[in-house]
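In what follows, a structure is listed as structure tokens, so that the remarks can point back to it.
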Amino acid sequence: MAEQQPSQLMQGMKENKLFKMAFAVTGIMSTLLIYGVLQEKIMRVPYGPNKEYFKYSLFLVFCNRITTSAVSAGVLLASKKALDPVAPIYKYCVVSVSNILTTTCQYEALKYVSFPVQTLAKCAKMIPVMIWGTLIMQKKYNGRDYLFALIVTLGCSIFILFPAAGDISPYSRGSESTVWGVSLMIGYLGFDGFTSTFQDKLFKGYDMEIHNQIFYTTMCSCMISFTGLILQGNLLMAIDFVSRHNDCFIDIAILSTVATISQFFISYTIRSFGALAFATIMTTRQLVSILLSCVWFAHPLSSEQLIGAVIVFGSIYSKNIFRSKPKPVLPEQTENGSSSPPRVTA
């Protein structure tokens, strides 16, 4: 009888862990898959009988950030944690500016490249993260890290440079569209690498609670993106667009909601299962996102792109298998591969 109790306890713990893992995987996959589909729909699919395209990417950033800011403030108040800033405000603003540029490049790139191209290109973030890590954090990387980064970048390059003939952007201007799309993705990768590395430095330099960082970063992002919309003269135009297209308003509301919810699932997964499990889930999510986008939006894939995808995902899975010491991972690795607590890049 006494021997059965420990075994029953172990069985219960195993089942509980499996349930938690299933909960984490389901949460991350469902929210980020919905996010990916809506992101592409909003930026690439016309609305209304007149076939109007939504062009105000900064408005999407503003909506996402104000939603996340409100939720993080609610969490801090409900948990009775301090709302006071831990670090100087200007440091939160540095993260905010870089994060806004990251997300704006991400949305704008969808006007010129397909979602599968954009999603796979995000895997190439290893190199900018390593560069910024060396410059800002004085980190050192071994030869295997550089080898994996180069192989993944090679696979991404093949995927981007050999698109299928029938995959045409609604903003297509021939080769010029490819140049713009690739330039925006390079901007995305550079700014995203800086954002995650500077956040890593911020967390290590201050005793900072995750939701405190999210609240102040997103608050700064709200003010900056709101100011940018006013200076561009796009605020009223964006409001007018969503007021005329209720389906667009619903899409943006759901996009902002799932982007916020995903941050909490990401935080839960890293805390409960560690960086390695999170990285594997995110890699799988990217693969499923590409397949879903190809089916949903009828993106054809060339044979070269299939080879590039195999190179990229094969390399990433291999790296996760061989990684012996998992490191803390940031969510924008959610769409990105860095090493800090969760942040919002949606």
Between [X] and [Y], what is the shortest heavy-atom contact and its length?
X	Y	result
S225	L58	O-CD2, 3.7 Å
F194	S98	CD2-OG, 3.3 Å
T31	S262	OG1-CB, 3.4 Å
F215	A73	CE1-CB, 3.5 Å
Y92	V86	OH-N, 3.1 Å

So do the side chains of [X] and [Y] get within less than 4.5 Å of each other, counting heavy atoms only?
X	Y	answer
I89	C93	yes
I151	I311	yes
E52	H245	yes

**OP:** Dump the intermediate steps for side-chain hydrogen bond (donor to acceptor under 3.5 Å, both in side chains) on S96 and R65, then the final yes or no.
**Re:** CA-CA 10 Å; S96 296; R65 298 305 178 266; over 6 Å; no
Original post:
Has F249 got more than 12 heavy atoms of other residues, nucleotides or ligands less than 6.0 Å from its CZ?
Top reply: no
Original post:
Knowing that exactly one of V37, L110, L255 qualifies, which makes a side-chain contact (heavy atoms from CB on, under 4.5 Å) with I42?
Top reply: L255
**OP:** Scan V97, L101, V95 and name whichever one has a side-chain contact (heavy atoms from CB on, under 4.5 Å) with T195.
**Re:** V95
**OP:** Check the pair F265 / F23 against ring pair (Phe, Tyr, Trp, His ring centres under 6.0 Å), numbers first and verdict last.
**Re:** CA-CA 9 Å; F265 276 113; F23 175 72; 5.3 Å; yes
Original post:
Step by step, would you call F59 with I252 a side chain to side chain contact (heavy atoms under 4.5 Å, CB included)?
Top reply: CA-CA 10 Å; F59 185 76; I252 292 174; 4.2 Å; yes
Original post:
T260 and side chain to side chain donor-acceptor pair (under 3.5 Å): which partner among T68, T67, T218?
Top reply: T68
**OP:** Carefully, step by step, assess N64 and Y107 under the rule side-chain hydrogen bond (donor to acceptor under 3.5 Å, both in side chains).
**Re:** CA-CA 12 Å; N64 289 355; Y107 287 136; 2.8 Å; yes
Original post:
Can the ring centres of Y47 and F54 be said to be less than 6.0 Å apart?
Top reply: no
